[in-house]
Amino acid sequence: ENADPQKTAFLLCKAWTLYSVTPLYGFRRGRLRHYARLLSAFIAAEKQKGLAVEVGVELDIKVALSSLADLRGSELDQAALLVQLSSRSRASSRSSEDKLVWSGWFCCVFGEDLSENVPEGFTCLPLFLSHGAETYTSLVGSWFQKTFDCCFRRLAISPLNLSWMVAMWAGCKLDRAACAVELVFSVPRLSQPLDISYAIHPEDAKALWDTVQKTPGEISQEEVDVFMDCLYAHFHRHFKIHLSAAKLVKVSTAVASAHCDGIVKILHSQYLPGVLMLLTELAISQIQ
Amino acid sequence: HLATSLPLPSERDHLRPRIDLIVFMIDIKSKYSLKNVETSLAHVDASFFLGKVCFLVTGVGRVNACSIEMNAVCKLGEAYCSPVLFCELELEGIRAATAQRLVRMLQICAGHIPGVSALSFVSLMRNSDDD
């Protein structure tokens with residue numbers, strides 16, 4: 001549960017695109033080098049076919065697969081699986097010239113709901129996060145889908161789930177002076193799209209959450225509703241606009257930020273397990 | 001007759017025909033619509049809740065845009081002993097089918113169908129767990 005901060009530093013402050021992944025069939029943790037070779041060959045073959053990622057650039061793509069043993073919720077979860085694509089210009093053969101072009105990782109944090117119910121031979125890693133060019137994501141995704149008979153789907157985050165996130169994260173205790181809590185709304189049915197950004201001082205947001213939350217460590221839908229209603233009422237008092245009629249599309253706190261298209265950025269390692277646990281839950285409910 | 005909220009303006013009371021059915025529309029993409037319905041319910045006479053009220057939840061095709069909790073809507077239906085219908089207005093087929101259902105309900109509430117009254121809706125609402 002306490003992941004080595006150095007190993008997980010690469011996760012922080014990057015915009016990760018989220019996917020839900022159905023259980024992988026026939027995945028063997030001991031064969032990572034072999035899989036890396038197969039994936040490398042697949043990518044090279046796809047490039048030959050003319051699905052070149054970057055035109056006019058001669059690059060070899062090197063694939064590395066590794067396990068992140070600390071990145072999981074409980075012993076029942078599978079350890080996270082990291083896939084990294086690096087490029088090496090053909091002009092140089094020194095490995096120090098490798099440049100990381102794409103990374104993606106599979107994980108499962110407290111996903112017993114799913115792993116308890118799958119038959120033998122299946123590995124549960126329902127949450128997939130990618131960072132880098134979409135073309136690489138689809139290459140890696142196709143290979144995994146073909147090899148392990150699984151299915152990737154973009155994980156969208158509903159306004160309801162975003163409001164859970166902002167309530168939970170705004171209430172987190174942080175040592176340093178944090179950045180503002182921001183909610184972005186998109187106003188529907190206008191000829192020109194209109195976005196409203198509502199920023200709240202983080203101490204005010206935390207103070208509000210503290211008066212709403214009854215039991216520390218537990219959150220209920222009612223508490224989230226009260227928190228959001230207070231924010232909406234405050235905004236309405238000042239601007240006479242009902243934010244509750246608009247669509248909440250993005251939330252940002254000092255802990256993490258999330259966008260309804262399924263893009264998250266985790267800013268604080270202390271709350272990494274909590275954020276991943278929530279995202280795992282969303283991924284699992286999209287699968288089921 | 002369409003209204004954005006209740007109560008209806010009192011100036012037109014004497015010109016208004018008898019109201020046989022009230023359909024409260026809740027858009028799952030708008031928390032505001034649920035709040036609006038909740039405050040409007042307070043202005044409805046208790047006699048309407050004997051089968052002359054129903055809740056229509058729209059936008060159910062887009063689960064990813066959901067801003068309200070479905071549980072809350074179902075609890076609302078239970079609290080007011082009124083049926084909850086779900087539909088997606090953006091799909092023509094479902095829109096037409098829902099309209100037909102509402103017209104059928106209205107016919108019953110207006111007393112146009114012999115042998116069936118609005119009270120039948122209330123008995124259909126009874127929780128099967130009670131048995």
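Just the heavy atoms: all of them, side chains too, but no hydrogens, waters or symmetry mates, feed the values below. Proteins get letters first, then strands, A, B, ... in listed order; numbering begins at 1 in each.
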Visitor: Side chain, backbone, both or neither: which part of B/S67 has a non-hydrogen atom closer than 4.5 Å to chain A?
Guide: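 Backbone plus side chain of B/S67, per the 4.5 Å heavy-atom cut-off to chain A.
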Visitor: At their closest point, which heavy atom of B/C66 faces which heavy atom of A/P159, and how far apart are they?
Guide: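 In this case the closest contact between B/C66 and A/P159 is O-CD, 3.3 Å.
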Visitor: Do other residues, nucleotides or ligands put more than 12 heavy atoms under 6.0 Å from the CG atom of B/L15?
Guide: yes
Visitor: Check whether any side-chain heavy atom of A/D229 sits under 4.5 Å from a side-chain heavy atom of B/K35, and report yes or no.
Guide: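 A side-chain contact exists here, since the closest heavy-atom pair is under 4.5 Å.
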Visitor: Taking all atoms of both residues into account, what is the closest heavy-atom pair of A/L160 and B/I68, and its distance?
Guide: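 Heavy atoms only, the tightest pair is CD2-O, 3.7 Å.
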Visitor: Output the distance between atom OG (B/S30) and atom NZ (A/K247), rounded to the nearest 0.5 Å.
Guide: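 Rounded to the nearest 0.5 Å, the OG-NZ separation comes to 13.0 Å.
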Visitor: Any chance CG of A/N117 has more than 12 other-residue heavy atoms, nucleotides or ligands included, within less than 6.0 Å?
Guide: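 More than 12 within 6.0 Å, yes.
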Visitor: Pick from B/R62, B/E69, B/K29: which one has the most heavy-atom pairs with chain A under 4.5 Å?
Guide: B/E69
Visitor: Within a strict 4.5 Å, meaning less than it, do heavy atoms of the A/L248 and B/K31 side chains meet?
Guide: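 Counting from C-beta outward, A/L248 and B/K31 never come under 4.5 Å.
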Visitor: Does atom NZ of A/K173 have more than 12 heavy-atom neighbours, drawn from other residues, nucleotides or ligands, at distances under 6.0 Å?
Guide: no
Visitor: For A/L162, which atoms come within 4.5 Å of any heavy atom of chain B: side chain, backbone, both, or neither?
Guide: neither
